Amino acid sequence: MSAFAVSAAPIEPAALRSELTDPGCGGYVQFEGWVRNRNEGKGVLSLEYEVYEPLAVKEGERIIAEAIERFGVRRAAAIHRSGPLELTDLAVLVGVASPHRSEAFRACRYIIDEIKLRLPIWKKEYYADGSAEWVNCRRCSAAGHHAD
Amino acid sequence: MSAFAVSAAPIEPAALRSELTDPGCGGYVQFEGWVRNRNEGKGVLSLEYEVYEPLAVKEGERIIAEAIERFGVRRAAAIHRSGPLELTDLAVLVGVASPHRSEAFRACRYIIDEIKLRLPIWKKEYYADGSAEWVNCRRCSAAGHHAD
Amino acid sequence: MKVEIRYFAAFREATGISAEPVDTEAGTPAELFAECSRRHPGLAAYSASMVAVNDEMSDLHCALTDGDTVLFFPPVAGG
Amino acid sequence: MKVEIRYFAAFREATGISAEPVDTEAGTPAELFAECSRRHPGLAAYSASMVAVNDEMSDLHCALTDGDTVLFFPPVAGG
């Protein structure tokens, strides 16, 4: 398995966990990002991820390699969904196995933080009031203008 | 489900995860303690947990309640195994769901740290050299004496 | 004063018993543990690290009362 | 100089296209984005936040060369 993957199908946490099982590891930390029913005060009904996969995979694998190098953990991997998702669906999964738990917590936190900052992935949210918006894109509009 | 449980049967992570699923939560952090093949330089073959269940459950539920109160997370639960375990078996499982991920990471870390410090649970390790030992009990022997 | 004592894990193995009723003048769990160590030489190598009284976590220097159940815990190692 | 431009997410919706070949004198992705904003008024409300050149993350002020593929990314929101 590649350390980072993009999946159009539902993510199975049990599969990632088995891939990372290692008799030399005493601690395993898993992060899951779930589709939430609210964002910045608005009711969310569903959302859609657009992923530029060639670069997301390349940069995702780089992030995993950095985490292994920086925190000395034994094994790490992550999967990000693409396409339409419903409430409570699993949007992103990160797993880290390490001899000791402290490094596993820190590496897992690092990976999800960097995934959110660096990967070419965009999220369009569909709201209860009928509107839809690319998340973060209000902030990306130039001063004095309004995005949509 | 009670927030903290002791189980003599194998722990199923998927069951805990479904119990904690919440459409108001965007972040879920799970910690798993796995039986590791080494401890303090010795090869471990298997181990056994002894749990004083009435107090472990009471104190375990207190830890979960503290984590929810202190970090403001929405939902948290944990399960600890008792009895004989083999390498890579799941010894303890902690799950925390929260609107945002930062609190979920901190609450999960708090719960596992406190479980290790406060619950009346003891671990006897069986080593490759044929010996067996209650973990931590060398440290509990008085100065000038040797535990076993 | 009569109290019930329970031993766990390494303490149970060191004493060879998991429980015993005792008649004691010990005022605290710490004094009671010292008394037990004289009765059970295997226990003399250890010091008590945690104690519970009547299924509540307690303190080695709390006051014992007649009828208490005192649980002596060796250092814990969950997780 | 000929380059290929690709637009994603909000940028694709703002321009109405996902890619276009252009002949340009722009020396950097930043200059190129300004040029695109004049051609696509919908884009004028935004500034580019991240750019990739030939499938490598790059810098808005790097030097472009003939034949490059330039990917303009709006602010990302994975996770």
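Per chain, numbering begins at 1; letters A, B, ... match sequence-line order. Since the structure is predicted, the reported quantities are computational estimates derived from the model, not experimental observations.
To the nearest 0.5 Å, atom CD of residue B:Q30 and atom SG of residue A:C108 are 10.5 Å apart. Considering CZ of B:R106 and CZ of A:R109, their distance stands at 8.5 Å, rounded to 0.5 Å. Rounding to the nearest 0.5 Å places CZ of A:R17 at 5.5 Å from CG of B:L90.
Between chain A and the residues B:A97, B:G33, B:G24, the most heavy-atom pairs under 4.5 angstrom are made by B:G24. When each of A:A14, A:S102, A:A104, A:P13 is checked for heavy-atom pairs under 4.5 Å with chain B, A:S102 comes out on top. Per-residue counts of heavy-atom pairs under 4.5 Å with chain B were compared for A:D113, A:L87, A:V44; the largest is that of A:D113.
For A:N39, no part sits under 4.5 Å from any heavy atom of chain B, backbone or side chain. Looking at A:V29, the atoms closer than 4.5 Å to chain B (heavy atoms on both sides) sit in the backbone and in the side chain alike.
For the side chain to side chain contact (heavy atoms under 4.5 Å, CB included) with A:N37, the lone residue among B:C25, B:P99, B:P23 that qualifies is B:P23.
Using cut-offs of 30° and 60° on the angle between ring planes, the pair A:W34 and B:Y28 is parallel.
The two residues A:T88 and B:D22 have their closest heavy-atom pair at CG2-C, 4.3 Å. A:F31 and B:G27 make their closest contact through CE1-CA, 3.9 Å (heavy atoms, listed as atom of the first residue, atom of the second, distance).
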